[in-house]
There are 2 protein chains.
Amino acid sequence: MRSYGQYCSVAKALDVVGDRWTLLIVRELLSRGPCRYTDLRSGLPGIATNLLADRLRELEAAGLVEREDAPPPIATTLFRLTERGAGLAPVIDALGRWGVPLMRDHRAEDAFRGQWLRLPVRMFLTDHEPDRPASSIQIHAGDQSVVIDADAGRVSLRLGADPDADATVTGSPPRILALLSGGLGLADAEEQGLRVAGSREAVLRVLPRTGNAIGDSAPAEGNVS
Amino acid sequence: MRSYGQYCSVAKALDVVGDRWTLLIVRELLSRGPCRYTDLRSGLPGIATNLLADRLRELEAAGLVEREDAPPPIATTLFRLTERGAGLAPVIDALGRWGVPLMRDHRAEDAFRGQWLRLPVRMFLTDHEPDRPASSIQIHAGDQSVVIDADAGRVSLRLGADPDADATVTGSPPRILALLSGGLGLADAEEQGLRVAGSREAVLRVLPRTGNAIGDSAPAEGNVS
DNA sequence: CAGTATCCAAAACGATACTG
DNA sequence: CAGTATCGTTTTGGATACTG
């Protein structure tokens, strides 16, 4: 990116991370931790492979990312954020928070990845019953599966499926997000096509008590595979 | 800007404000308040006039900016942020804060504007003696003049010159910033070519007590016009 | 002052094919 | 898996001229 040529820290920051895709690569590394090239590409649907390689080189040159040749169990190179790179977390958070109202307009062709729920989980969910034993909720959002754990006051997210989860929630990404953000109550969400199985308490344990107003005006949906 | 096509609030936010120049326009409107077209252009050195017009249209369409036809005293149209647009302040702040370390590399061709000191002033300065009567510091940074006021615990910045200021500080933008950020003590700054006149107390009243490390390794400079 | 309109060269982007 | 290489398209940047 051509420099703005302005002696202002906002402009200087954008000189480094203002390029298209750059902040999304950082988002991906922040929410997934060290990643292989392929992991990054699958977490950044739409990016051209040469652009990803370019950006990684630039990020490395700028000292935000470093590559590491992982030993045998992985046997490939990993990309990880440096401390300086991880320092962008407040920027990603601020953008993500500002972007929340935009999640109402979901377009059919929008891609979705389970790890993108990490930010809303951190933003909206809390463990309201920290003294109860750990519980977990299996989420199936579209074709993505993640598990939300509540344990001793902390709520966290991991990718994949867990057959021992206390509850299972299935629905489209917008509906799931509406539920997590408090824009839609559990009962309303079910009425709109979201399916809940197992312990409702496990779900209510972490849902926000106050609405954040995503998706409360979305139309009802049909069956969700 | 082409949409990223990702159902993620960070990506959605960047769909709206990720275009080149867009966030800098927002920065300008945040730090100057409602602006005329010409004000914006002068606060965004390097932007092409058609790009500025384009971006303003886009921002207006996205509901972040609105234009207002001001009555006689001004008799021209003003551009102002909507509430939604002003909601980007945390994004600008986060970027600006992350960019602070980059201010060490000052290039001769970098442009500078007085209003760009507003963010560092908010970030670094505090009124350490809120009970004393108001005081002010005239800053001449390169060819830009601003006044920093300390009054009843609040520090603020206004553009222009004030002959009644209690102190005057003159130097290059990097040196001024080093001083304001605490990277350089008042004495050290003077040794490096920054000139201070009038009440040093007025200056010390607002300077940070702890360093923020901008410019402490910068070479000494010669005379500053 | 507040733009619009054009033009052009350069850079960025996106898609795809290919490689060690 | 981790990229390169190539190529066509789109977007910018920058300059300049013009308008009400």
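Throughout, protein chains are lettered first and strands after them, A, B, ... in sequence-line order, and every chain is numbered starting at 1. In what follows, every heavy atom counts, from backbone to side chain, and hydrogens, waters and symmetry copies are set aside.
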Q) Can you name the nearest heavy-atom pair linking B/Val147 to B/Asp162, along with the distance? A) CG2-CB, 3.7 Å

Q) Is there a donor-acceptor pair closer than 3.5 Å between any side-chain N or O of A/Lys12 and the backbone N or O of A/Gly5? A) no

Q: Would you mind classifying the nucleic acid contact of B/Thr38 as base, sugar-phosphate or nothing, using non-hydrogen atoms under 4.0 angstrom?
A: sugar-phosphate

**Q.** Any donor-acceptor pair under 3.5 Å from B/Arg113 side chain to B/Ser42 backbone
**A.** yes

Q: May I have all residue pairs that pass salt bridge (charged side-chain N to carboxylate O under 4.0 Å, His left out) and include part of residues 82-102 of chain A, sequence neighbours excluded?
A: A/Asp93-A/Arg122

**Q.** 5′-ward residue of the pair B/Asn50/B/Asp39 relative to DNA chain C
**A.** B/Asp39

(Q) What contact category does A/Asp54 fall into here, base, sugar-phosphate, or nothing, at under 4.0 angstrom with non-hydrogen atoms? (A) nothing

Q: Could you grab the distance from atom OG of A/Ser9 to atom CG of A/Asp15, nearest 0.5 Å is fine?
A: 11.0 Å

Q: Quick one: which residue pairs count as a salt bridge (charged side-chain N to carboxylate O under 4.0 Å, His left out) with a foot in residues 42-63 of chain B, not counting sequence neighbours?
A: B/Asp54-B/Arg57, B/Arg55-B/Glu58, B/Glu60-B/Arg67

Q. Just how large is the angle between the end axes of the helix from C/dC1-D/dG20 to C/dG20-D/dC1, five pairs per end, to 10 degrees?
A. 40°

Q. Between B/Phe79 and B/Tyr37, how do the two ring planes meet: parallel, tilted or perpendicular, split at 30° and 60°?
A. tilted

Q: For DNA chain D, determine which residues of residues 10-26 of chain A have any heavy atom closer than 4.0 angstrom to one of its atoms, and list them numerically.
A: none

Q: Using modelled atom types only, decide if a donor and an acceptor are shared between the side chain of A/Thr82 and the backbone of A/Gly63 within a distance under 3.5 Å.
A: yes

Q) Hey, does B/Ala53 reach any base, or is it just sugar-phosphate, or nothing, if we go heavy atoms under 4.0 Å? A) sugar-phosphate

Q. Who passes side chain to side chain donor-acceptor pair (under 3.5 Å) against A/Gln6, sequence neighbours left out?
A. B/Arg27

Q | Spacing of B/Leu51 atom CG relative to D/dT16 atom P, expressed in whole Å | A | 17 Å

**Q.** Range on DNA chain C touched by chain B - first to last nucleotide, heavy-atom distance under 4.0 Å
**A.** C/dC1 to C/dG14

Q: Verify salt bridge (charged side-chain N to carboxylate O under 4.0 Å, His left out) between B/Asp149 and B/Arg154, making sure each step is shown before the conclusion.
A: CA-CA 8 Å; B/Asp149 293 297; B/Arg154 306 188 65 82; over 6 Å; no

Q. Is there side-chain contact between A/Leu52 and A/Trp21, with at least one heavy-atom pair below 4.5 Å?
A. no

Q: Pick base, sugar-phosphate or nothing for A/Tyr4, based on heavy-atom distances below 4.0 Å to the nucleic acid.
A: nothing

